[in-house]
Trainee: 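Right, I'll just put the structure down here and ask away after.
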Amino acid sequence: MKIDSSQINSDAGRQVYNTLDCCLTHEIFGKISKQLDDNSRLIYNFERALQAPVLEMMERGFRVDQYERQKGIASLREQASHLQFWLDSMAQAIWGAPLNAQSPKQLAAFFYGTMRLPEQWKYEKGSRKLSTDREALEKLAVYFYARPIVDTILEIRNVKKRLSVLETEIDFDGRMRTSYNIAGTETGRWSSSENAFGTGTNLQNVTPELRKIFVSDPGFKLLGIDLEQAESREVGWQCGVLFGDWSYLDAAYGGDLHTLACKLIWPQLGWTGEKKADRTIADRIFYRGFSYRDMAKRGGHGSNYLGTPFTMARHLKVPTKLMETFQSAYFTAFPGIPRWHRWTAQQLQQSRLLVTPFGRRRHFFGRPNDDATLREAIAFVPQSSTGDRMNLGLWRIWKYMRDRVQLIAQVHDAVYFQFPEHLDENEIAREALALIDIRLQHNGHELIVPGEAKSGWNWGNYDAEKNPNGLKKISISTPDIRQRLDGLARIL
DNA sequence: ATTCCCAGCGCG
DNA sequence: AAAGCGCGCTGGGAAT
């Protein structure tokens, strides 16, 4: 096609440009669509179908309570300048100059140079690096003169981090519009970021405290649904489907996965078989403020993804030996998990390809013998499946409840929408929970990931004093799902 | 003046 | 000695 650019004005020029872009895309599609197998085509069509609800969410945005936002900004700015004054005073006394808490370079010169404190190194990608992150600074805090300085620096960082969210530019109509990228990640999860017009920000990493500034529209109430222990259940599903070891999934169905894990790891704690009493036992302190259940939860999650006892011990601030003992008990209780790890390593050697229960395929281009590649591969299936599960549910809510609800946000394993207040929220919740109830079957076993519904008038968590309008668990259970779960637990 | 990379840190 | 994974944003500071 020949275009004489002198013959067209700039608007028409842009149209021609766009048209040619589309033609090229269409041409490419003609070639690569032949390479799609049935599953890939399904995933591709699914991603395209998600464009409608995503565009709707992006255009709608999330209403921001301007009063709360400004109040927060004013208070944090005040705190920041106060803290900076103290930091500068202390720094002046020590090296005769102010100190920037956000400059690793200055902090290293200050602590390791002028103050002559022991250098803190961290290991990353095979090399060791001088660090001034939270973990490093906390180690310096044991020194008498460093402690108040470290505390001030950490607090400044904390305040500045929150300020950066609150100070994000929002739109003229008082709404924050994030940009969702449907096909931006390796796993099929969405990412979120500043939008094409330069306003908004990543909405998937906002702390519970700051979520309070996001509110429903007048006459509407927010409803959120999150998937319960979704990734863990997907791990259990892999163990069952691949090796017939359903122990981990069964533990999830038994009520509380982490308490159940406690029973298997520490059988001699005097378990009663009664849910409430056993939870009390699991909540007993095990080591330095961590309950048995805490250990099962964090240690279990880390172990599922091939965390080393050394690293997990560092994060939990417990002895390495303890995590070694934990992990060995954990892998004995759920033998399918280490088998699944070995199976994944084998897949990397043989095909470098993994396929999730939802049919999403990922090729691994890293070195098959590299631990880092193995870890990516192990994390892929549960993480990807949970994303697809949530997004399929989200799409179904959009498709079948569009006349009553408006989608607002997605945070990987949770979806938020608003509905007119005059409607029965129990009814809305029941219907949405049914739509996200996506089950898989295999050899008489079933994967069920229940959802938990919460409602309120702002995005923060409910607190009688601090946030009475926040999201509060809806006390209705979905009778259908609960009954079937109880039934399953009895069979097991 | 602008661009680019890194360190640090928030969420799931 | 010792790397859970997946993202995006900010600010510092060097490079251009």
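Convention: sequence-line order gives letters A, B, ...; per-chain numbering from 1.
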Trainee: Measure from OH on A/Tyr123 to P on C/dA3 and round the result to the nearest Å.
Mentor: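 That distance rounds to 10 Å.
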Trainee: Verify the contact: side-chain N or O of A/Arg362 to OP1 or OP2 of C/dG6, cut-off strictly under 4.0 Å; return yes or no.
Mentor: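 Affirmative; the distance criterion is met.
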Trainee: Strictly below 4.0 Å, N to O, side chains only: are A/Lys473 and A/Glu452 in salt-bridge contact?
Mentor: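 A salt bridge is present here (some side-chain N lies under 4.0 Å from a carboxylate O).
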Trainee: C/dC5 C1' sits how many Å from A/Arg375 CZ, rounded?
Mentor: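 Computing the A/Arg375:CZ to C/dC5:C1' distance gives 10 Å.
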Trainee: Could you tell me whether the side chain of A/Glu376 has a donor or acceptor atom within less than 3.5 Å of a complementary atom in the base of C/dC5?
Mentor: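 Answer is no: no donor-acceptor pair is held.
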Trainee: Where does the angle between the aromatic ring planes of A/Phe214 and A/Phe62 fall among parallel (under 30°), tilted (30 to 60°) and perpendicular (over 60°)?
Mentor: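 Tilted.
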Trainee: Donor-acceptor pair under 3.5 Å: do we get one between A/Arg157's side chain and the base of B/dG8?
Mentor: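 Side chain to base: no pair below 3.5 Å.
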Trainee: Output the pairing pattern of DNA chain C as a dot-bracket string, 5' first, Watson-Crick or G-U wobble with both distances under 3.5 Å, | for cross-strand pairs, [ ] for crossing pairs.
Mentor: ....||||||||||||
Trainee: What's the shortest heavy-atom distance between A/Gly72 and A/Leu166, and which atoms?
Mentor: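 Taking every non-hydrogen atom into account, C-CD1, 3.7 Å.
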Trainee: Has the side chain of A/Asp133 got a donor or acceptor atom sitting under 3.5 Å from an opposite partner on the base of B/dG8?
Mentor: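 Side chain to base: no pair present.
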Trainee: A/Lys122 side chain N/O closer than 4.0 Å to the phosphate oxygens (OP1, OP2) of C/dA2?
Mentor: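 So the side chain of A/Lys122 is outside the cut-off, no N or O lying under 4.0 Å from OP1 or OP2 of C/dA2.
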Trainee: Considering the options A/Arg189, A/Gln410, A/His412, which one meets the side chain to side chain donor-acceptor pair (under 3.5 Å) requirement together with A/Asn391?
Mentor: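 With A/Asn391 as partner, A/Arg189, A/Gln410, A/His412 yield a single side chain to side chain donor-acceptor pair (under 3.5 Å), made by A/Gln410.
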